[in-house]
Amino acid sequence: MFEIGDFVIKANNGICRVDGIGHLELSGASKERMYFFLTPLNEVHTKLYVPTDKKDNGLRKVITEEEAWKFINAIPQMEEICITDDKQREQKYKEVIVSCDLKKLIGIIKNMYRRQQKRTALGKKNTSIDEHFFKIAQNNLYTELAFAIGKERADMQGIITQKIEAQKDLK
């Protein structure tokens, strides 16, 4: 269970602060059901109400600074998620984005990057679906990592690239 003041990840809304826990004061709302009252950090005028009793409520705590650095250091060894069926690609991308699983985000980012390199080598443009989900996956990944380590989101690509290059140099 989360507490007031915790920072959580909510699918499609990013990092949110838990501002309260309680009953909704709306007509027709169950008086027994409890909710987390959330405010997305990037949309401070938006309020979200997520049931506390829903098993898969799409919430998880933001990773710690220590977890973020461990994760960043492990990125070069993380596996790409291979999606060979073009018809299932968009659905798989959506599932990963909604899961808020950082390791899966890296997996599809690596997949999209490899696909982009292959298409470029063949003189083709990247697909609009890959472009769209690549931006979302990168944004979600960079936003949480930056928040956890106290850096700017814009700095994350450089930080991750440095770590990858440093590990390549060790090989």
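No experiment lies behind these values; they were computed from the predicted model shown.
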Ignoring hydrogens, what is the shortest heavy-atom contact between [X] and [Y]? Give both atom names and the distance.
X: Leu48; Y: Pro40; value: CD1-CG, 3.9 Å
X: Val96; Y: Leu105; value: CG1-N, 3.7 Å
X: Thr127; Y: Asp130; value: OG1-N, 3.0 Å

| Arg17 with Asp19: basic N within carboxylate O range, under 4.0 Å |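 Counted as a salt bridge, because a side-chain N and a carboxylate O are separated by less than 4.0 Å.
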| task | In plain terms, say whether Glu65 and Lys151 are close enough for a salt bridge, that is, a side-chain N and a carboxylate O under 4.0 Å apart. | result |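 Looking at Lys151 together with Glu65, the answer is no, because their closest N to O distance does not fall below 4.0 Å.
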Using a 4.5 Å cut-off on heavy atoms from C-beta on, say whether the side chain of [Y] contacts that of [X].
X: Ile109; Y: Phe134; result: yes
X: Ile9; Y: Ile15; result: yes
X: Ile136; Y: Asn140; result: yes
X: Leu141; Y: Phe71; result: yes
X: Lys110; Y: Ile81; result: no
X: Glu3; Y: Phe36; result: no

| said: Can you see whether Thr64 engages Glu67 through a side-chain donor-acceptor pair at a distance of less than 3.5 angstrom? | reply: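 There is such a pair between these side chains.
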| request: Give me the ring orientation class for Phe37 and Tyr49: parallel if the planes are under 30° apart, tilted from 30 to 60°, perpendicular past 60°. | output: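 Ring orientation, 0 to 90° scale: perpendicular.
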| request: Establish whether Val44 and Val18 are linked, either directly or via other cluster members, by ILVMFWY side-chain heavy-atom contacts under 4.5 Å. | output: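 In one cluster with Val44: Val18, no.
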| Is Ile106 linked to Leu102 within one hydrophobic cluster, defined over Ile, Leu, Val, Met, Phe, Trp and Tyr using a side-chain heavy-atom separation of less than 4.5 Å? |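 Ile106 and Leu102: one cluster.
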| Has Lys47 got more than 12 heavy atoms of other residues, nucleotides or ligands less than 6.0 Å from its NZ? |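 Counting other residues, nucleotides and ligands, NZ of Lys47 exceeds 12 neighbours.
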| said: Does atom NZ (Lys10) have a neighbourhood of more than 12 heavy atoms from anything else shown, all under 6.0 Å? | reply: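 Yes - once you tally the heavy atoms of other residues, nucleotides and ligands closer than 6.0 Å, there are more than 12.
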| query | Quick one: which of Lys92, Gln138, Arg89, Met112 gives a side chain to side chain contact (heavy atoms under 4.5 Å, CB included) with Phe133? | reply |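 When side chain to side chain contact (heavy atoms under 4.5 Å, CB included) is applied between Phe133 and each of Lys92, Gln138, Arg89, Met112, only Met112 qualifies.
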